[in-house]
Each structure stands twice: as C-alpha cells, then as structure tokens.
Amino acid sequence: MSSQMSEVDSLTGGVADTLAVEIRGVHKWFGRSHILRGMDLAIPEGSLAVVLGPSGTGKSVLIQHITGIVRPDQGEVLVRGRALSRMSRSEVLKLRTDIGVMFQDGALFSSMDVFENVAFPLRQHTDLNDSEVHDVVSEHLAAVGLSDAGRRFPSQLSGGMKKRAGLARALVLDPGIVICDEPDSGLDPVRTALLADLLRERHAELGGTMIVVTHNMPLARRVADYAAVLWQGGVVESGPAEVIFNSSNEFVAQFVSSSKVGPLGMD
Ligand SMILES: Nc1ncnc2c1ncn2[C@@H]1O[C@H](COP(=O)(O)OP(=O)(O)OP(=O)(O)O)[C@@H](O)[C@H]1O
Ligand SMILES: [Mg+2]
C-alpha cells in the first residue's frame, strides 16, 4: 500500500493519494495519423484538473479514451484504478454513467427543451418518477442560473446558456468524474470568467474530480489546482497548477504565457 501511495505521490506531485484517471503509455492511430504517442497522464482524485494543449493535439481524443468510446491501440486507460480493457461492455456502460461530459460543441438535443435535455440522463439511467426528475432537474438548472429557461429550446439560447445547460446535464447523475471539453469555446472573456467561477463552485459543492480541457489560459488559471500540458500526443509536463504555471520548460512556458516565441509555431 505504501509503495502504491508513493507511486501515486510521484505521479501527481503529492496532490492526492489516489488517481481518478490514469493513462499509461497510450498510442492511438487514425489511419496513418499517430495522434496519441505514448501518452502518460495521471489525474488526482478530487482535483480540479486542467488539461491544456494547442488545437489538434489530441485533447478530445483523450477524452474519448477515458470514456471508453475509443480504445487505445497500445497502452492502458484506468479509471479509479480499474483498466477499461479488462471491463465487460456492460461495465464500461455503467462506468460512463459515473463520468459526466460537457461536450465541446454543447451536443444538446435540438428537439428537446433545456429541461428535457437535462432530464435525459435521469430518464435513461434511473428509476426516478416524474416528480423526482422534476426536483433534481430544477435543482441543477437553478445551480447554473437557468431556472427560467427550462422550456426554451437550444436554438433559443445564447452561447453561454448552452454551456450552462451542458454543464447541468453533465452533472445531473452526480458523477464521480466530470469532464468539460473546452467549456469556454465561443464565449466572451467575461462569460468565460463567470463560467470558470461556476465550474469551481460546482466542483466545491459536489466534490469528485473535474477535468477541464482547454487552451484558454485565463480560464485555466482561474480554476486549476492541477494541470497537465499536452503537445504532439504526449504530456510535456504535469503537476500542481502553481508549478506548471511557473514552469521553466520551454514549451510549457510559451504556452502558459501565450508567447509567440518558443517551440510552438503554426504548423
Ligand atoms: N475519429 C477520428 N478519425 C480520424 N481522425 C481523427 C478522429 N478523431 C480525431 N481525429 C484527429 O485527431 C487529431 C486530434 O483531434 P482532437 O479533436 O483530439 O484535437 P483537440 O486537441 O481536441 O483540438 P481542439 O483544441 O481544436 O479541440 C486531429 O488531427 C483530428 O483530425
Ligand atoms: Mg477538442
């Protein structure tokens, strides 16, 4: 046990004793494109972790590996210490109910109003009756400031409202792990700051592990207690947020300071 704890300790820089997610040597090819190239990543249980990285570096593909939508060609994905490759299909499906995802493009059902969008996971995965569903959904809509928008359809929402509806839906099953894929995309800086505060608030209230995938540094600085920086299909550096945000690694320093000078170019 103590050797396992020290291993976790060294993986996370002492942030936690257990891991919510561990990626071990994962490779993924799509045709000839080698997207994940031996990625190693450890997300501490209970943390609010940001996964940073430039566009097209494989962040969304990584999320699909954590939820078991995509299988690695090599390597192992572990969620709360359990390897996905050793789970049966029904165990993977069950695991997915414990991982809430706020999708990059919102992915709200356009034919359903906000209330029904948020209610959907409850109707799929629980035996709650209509009045119980109503209570749970109302609570989650209130928490994201959408109490008055339940009967609106996605096309009638602003970008920020869509994000908040997506967050409410990701949280409604009270998952142990929540993953937010670029929650700031399409939002102005003020809405992004407000959303960052909302993410922090929900994480503090609900507990569990929250993983925020983004390339927005103001958002990352506002929410993170743990950070990992991805580039070219691997993790360049990871650890407590204050360590990463003050890193002397050339690539990480360029990325966190949004500098034009450094190894990252337009290619
Ligand atoms: N199913 C797929 N088939 C083929 N290529 C894919 C597939 N999914 C992703 N890719 C490719 O993998 C690469 C990484 O994509 P990904 O969406 O993970 O990037 P990202 O880091 O999330 O970028 P962004 O910040 O722009 O969202 C891209 O080149 C993309 O075209
Ligand atoms: Mg993406």
Side-chain angles (χ1 to χ4, degrees), residues 21-43 48-77 79 84-85 92 96 99-108 159-160 162-163 166-167 169-170 177-189 191-192 195-196 199 210-224 226-238 244-245 249 251-252 254-260 262-267:
V21 174
E22 190 179 356
I23 307 291
R24 281 191 196 154
V26 166
H27 286 264
K28 184 68 193 176
W29 283 263
F30 287 117
R32 285 201 205 148
S33 307
H34 194 184
I35 306 299
L36 302 186
R37 305 181 189 179
M39 179 176 287
D40 291 307
L41 172 67
I43 305 284
L48 206 173
V50 296
V51 174
L52 289 159
S55 274
T57 208
K59 301 185 300 298
S60 295
V61 170
L62 167 66
I63 293 174
Q64 292 173 328
H65 279 77
I66 298 171
T67 52
I69 306 266
V70 170
R71 297 269 174 157
D73 294 320
Q74 263 180 51
E76 223 23 307
V77 176
V79 175
L84 265 62
S85 60
V92 173
R96 274 189 211 147
I99 304 179
V101 182
M102 180 182 174
F103 292 95
Q104 183 162 4
D105 56 7
L108 297 173
K162 281 184 197 155
K163 297 289 184 191
L167 178 63
R169 191 177 61 184
I177 299 172
V178 184
I179 306 178
C180 306
D181 192 0
E182 308 218 13
D184 54 292
S185 60
L187 296 187
D188 65 60
R191 291 327 190 294
T192 299
L195 184 80
L199 293 175
M210 188 178 271
I211 304 172
V212 177
V213 174
T214 184
H215 37 58
N216 183 317
M217 279 313 299
L219 170 73
R221 287 181 195 281
R222 232 175 155 102
V223 300
Y226 188 83
V229 181
L230 270 50
W231 191 35
Q232 296 180 336
V235 173
V236 183
E237 203 174 7
S238 62
I244 300 305
F245 296 157
N249 175 287
F251 174 78
V252 176
Q254 181 190 5
F255 195 80
V256 302
S257 65
S258 313
S259 169
K260 286 188 283 186
L264 179 61
M266 271 303 242
D267 51 314

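Every number for a ligand or one of its atoms is a count from 1 in the order of the listing.
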Distance from [X] atom [atom1] to [Y] atom [atom2], nearest 0.5 Å?
X: Arg191; Y: Lys163; atom1: CZ; atom2: NZ; result: 13.5 Å
X: Ser238; Y: Ile244; atom1: OG; atom2: CD1; result: 6.0 Å
X: Phe251; Y: Leu230; atom1: CZ; atom2: CG; result: 8.5 Å
X: Asp73; Y: Leu36; atom1: CG; atom2: CG; result: 9.0 Å
X: Thr57; Y: Lys59; atom1: OG1; atom2: NZ; result: 6.5 Å
X: Gln254; Y: Trp231; atom1: CD; atom2: CH2; result: 7.5 Å

Taking the side chain as everything from C-beta on, heavy atoms only, tell me whether [X] gets closer than 4.5 Å to [Y].
X: Met102; Y: Asp181; answer: no
X: Glu22; Y: Leu41; answer: no
X: Ile179; Y: Ile99; answer: yes
X: Ile177; Y: Val21; answer: yes

(request) Go through the steps to decide whether Lys28 and Val70 satisfy the test side chain to side chain contact (heavy atoms under 4.5 Å, CB included), and finish with yes or no. (result) CA-CA 9 Å; Lys28 184 68 193 176; Val70 170; 3.6 Å; yes

For [atom], which of [options] has the closest heavy atom?
atom: atom 17 (O) of ligand 1; options: Ser60, Gly53, Gly31; result: Ser60
atom: atom 7 (C) of ligand 1; options: Trp231, Phe30, Trp29; result: Phe30
atom: atom 11 (C) of ligand 1; options: Ile35, Thr57, Leu52; result: Ile35
atom: atom 15 (O) of ligand 1; options: Val61, Leu62, Val70; result: Val61

(message) Under 4.0 Å from atom 19 (O) of ligand 1, is there at least one protein heavy atom?
(response) yes

Identify, for [atom], the protein heavy atom at the shortest distance, and state residue, atom and that distance.
atom: atom 24 (P) of ligand 1; result: Glu182 OE2, 3.4 Å
atom: atom 27 (O) of ligand 1; result: Gln104 NE2, 2.9 Å
atom: atom 14 (C) of ligand 1; result: Gly56 O, 3.5 Å
atom: atom 26 (O) of ligand 1; result: Ser55 OG, 3.2 Å

(request) Using non-hydrogen atoms of the residue, decide whether Ser33 is closer than 4.0 angstrom to ligand 1. (result) no

(request) Using 2.8 Å as the cut-off, count the protein N, O or S atoms closer than that to the Mg ion (ligand 2). (result) 2

(request) Can you sort out which atoms of ligand 1 are near His215, meaning under 4.0 Å from one of its heavy atoms? (result) 25 (O)

